[in-house]
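One structure is given below, encoded as structure tokens.
As the structure is a prediction and not an experimental result, all values here were calculated from the model.
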2 protein chains.
Amino acid sequence: MTANPNEKRQRADGLRTRHAILVEAVSLASVVGLDGISIGELAKALGISKSGLYAHFGTKENLQLAVIDQAGLMFATDVIEPAEKLDPGLARLVGICEAFFDYLERRVLPGGCFFAGAVLEMGSRPGPVKERVAAFQNMFVGIIRELADQAIASGQLPANEESELLAFELTGMILAADANFVMTDDVRSLDVARRALRRRLGIAH
Amino acid sequence: MTANPNEKRQRADGLRTRHAILVEAVSLASVVGLDGISIGELAKALGISKSGLYAHFGTKENLQLAVIDQAGLMFATDVIEPAEKLDPGLARLVGICEAFFDYLERRVLPGGCFFAGAVLEMGSRPGPVKERVAAFQNMFVGIIRELADQAIASGQLPANEESELLAFELTGMILAADANFVMTDDVRSLDVARRALRRRLGIAH
DNA sequence: CCTACCGATCGGTAGG
DNA sequence: CCTACCGATCGGTAGG
């Protein structure tokens with residue numbers, strides 16, 4: 001009755017526009033921050049009107065939540081999924097960290113890692129936006145820690161390693177790599193990160 | 001001729017006001033970011049008029065530069081100087097990192113470490129503000145690396161340690177400690193940081 | 001998705 | 001340090 005090809009096209013177009021908005025917004029937010037995005041600036045960058053954005057997201061907060069989800073999707077695609085070809089345990093653990101360094105090197109986003117910035121930006125601002133960022137962060141650190149557990153259990157890492165401490169150190173390397181790369185724009189800072197990683201995990205270089 | 005007690009009082013008052021402005025601004029910036037500070041909001045928090053702020057700093061950028069300097073002063077006082085009582089080398093290296101974790105635990109600033117946020121916020125925004133942040137970052141990492149070199153040279157750390165990699169790892173721990181503490185507001189996250197630090201440097205716990 | 005509009009706030013200035 | 005003001009932009013809404 002109500003379903004017709006025309007309506008489907010409209011919906012598909014709407015989704016495509018929505019996706020284009022979010023990709024641009026993630027890119028913008030990586031530079032100016034999640035709160036630094038303005039609807040007017042984003043609309044201008046996309047060549048549409050402000051009210052077009054409101055038609056899609058209603059409020060700025062809803063836009064921010066959608067931006068976090070989109071950034072999470074991109075992060076998963078670019079750094080988590082590539083490592084899933086590797087064996088669980090040490091190989092995949094190293095793979096994720098190296099995929100992150102490669103991700104920075106490819107300059108996917110102009111402001112480096114979206115989440116590194118978002119965690120420090122939103123950490124002291126309670127609310128749904130912070131919670132959404134925290135959920136992603138917990139998910140990521142959880143993966144790292146689980147892989148560390150597997151590496152320890154299988155003897156790929158020393159039995160006296162503690163996965164909680166190792167996960168802390170590795171997320172630290174990821175944050176430091178992002179901070180250094182974004183500050184210097186120099187890929188050699190990523191080589192430091194790669195060498196520190198392999199040395200810490202006792203891998204030949 | 002022109003110098004009189006009245007003028008001196010005025011200048012001293014001016015400096016006191018300036019200092020009060022900067023302390024409040026550092027605190028505010030630790031939450032909303034260096035660019036997130038607005039002159040109006042800051043003036044309201046201080047109970048003075050916007051033009052009072054302009055009388056002191058002229059432009060927002062000048063205010064930001066002064067805020068960075070003030071934050072640097074506070075950081076030096078709270079985390080670098082306390083460690084200078086300790087012997088150069090390993091003891092002071094550990095001391096600085098632990099002083100940083102204590103600094104977070106005392107909640108000196110409501111948004112955690114000012115510089116951790118500022119580095120990620122300004123990293124991809126070229127200009128004098130970024131350069132001022134970078135200068136402080138380079139100074140701090142330089143101290144860490146120098147202490148690591150001394151610890152290696154004196155045999156307190158293994159001869160096959162590389163100070164560049166170790167400095168990278170320690171700044172990573174500092175960033176991760178800040179991110180976790182700010183996100184969870186849980187002091188136990190700092191215990192993880194302390195344990196990871198001492199384990200990494202081979203210190204008994 | 002659009003134009004046209006709202007009150008509030010932005011950084012900054014004039015003049016004291 | 002103040003009041004009073006500037007043009008620009010903010011997030012958001014009305015009505016289509």
Below 4.0 angstrom from OP1 or OP2 of dT13(D), is there any side-chain N or O of S51(A)?
-> no

Between dG11(C), dC1(D), dG12(D), spot the one nearest the side chain of Y54(B), thanks.
-> dG11(C)

CG of N62(A) versus P of dG11(D): gap in Å, rounded?
-> 14 Å

In whole Å, what is the span from the CG atom of L53(B) to the C1' atom of dC10(C)?
-> 14 Å

Separation of atom NZ in K50(B) from atom P in dC6(D), rounded to whole Å | 13 Å

Given the rule in the side chain to side chain contact (heavy atoms under 4.5 Å, CB included) test, do I80(A) and I143(A) qualify, once you have shown the distances and angles that lead to the verdict?
-> CA-CA 9 Å; I80(A) 298 176; I143(A) 289 176; 4.1 Å; yes

Could you check G52(B) against K60(A) and say which one's nearest nucleotide on DNA chain D is further toward the 5' end?
-> G52(B)

L63(A) side chain near L42(A) side chain, heavy-atom distance below 4.5 Å | yes

Who is the Watson-Crick or G-U wobble partner of dG16(C), with both distances under 3.5 Å?
-> dC1(D)

Residue pair Q156(B), S154(B): steps toward the side-chain hydrogen bond (donor to acceptor under 3.5 Å, both in side chains) verdict | CA-CA 6 Å; Q156(B) 295 171 315; S154(B) 65; 3.2 Å; yes

Is the closest basic N to carboxylate O distance between D191(B) and R194(B) below 4.0 Å?
-> yes

Determine yes or no for a side-chain-to-main-chain donor-acceptor pair under 3.5 angstrom, with D178(A) supplying the side chain and C113(A) the backbone.
-> yes

Rounded to whole Å, NE2 of H56(A) lies from C1' of dG12(D) at a distance of 17 Å

Contacts to DNA chain C from residues 29-44 of chain A, heavy-atom cutoff under 4.0 Å, which residues?
-> none

Considering only NZ, NE, NH1 and NH2 on the basic side and carboxylate oxygens on the acidic side, decide whether E161(A) and R200(A) come within less than 4.0 Å.
-> yes

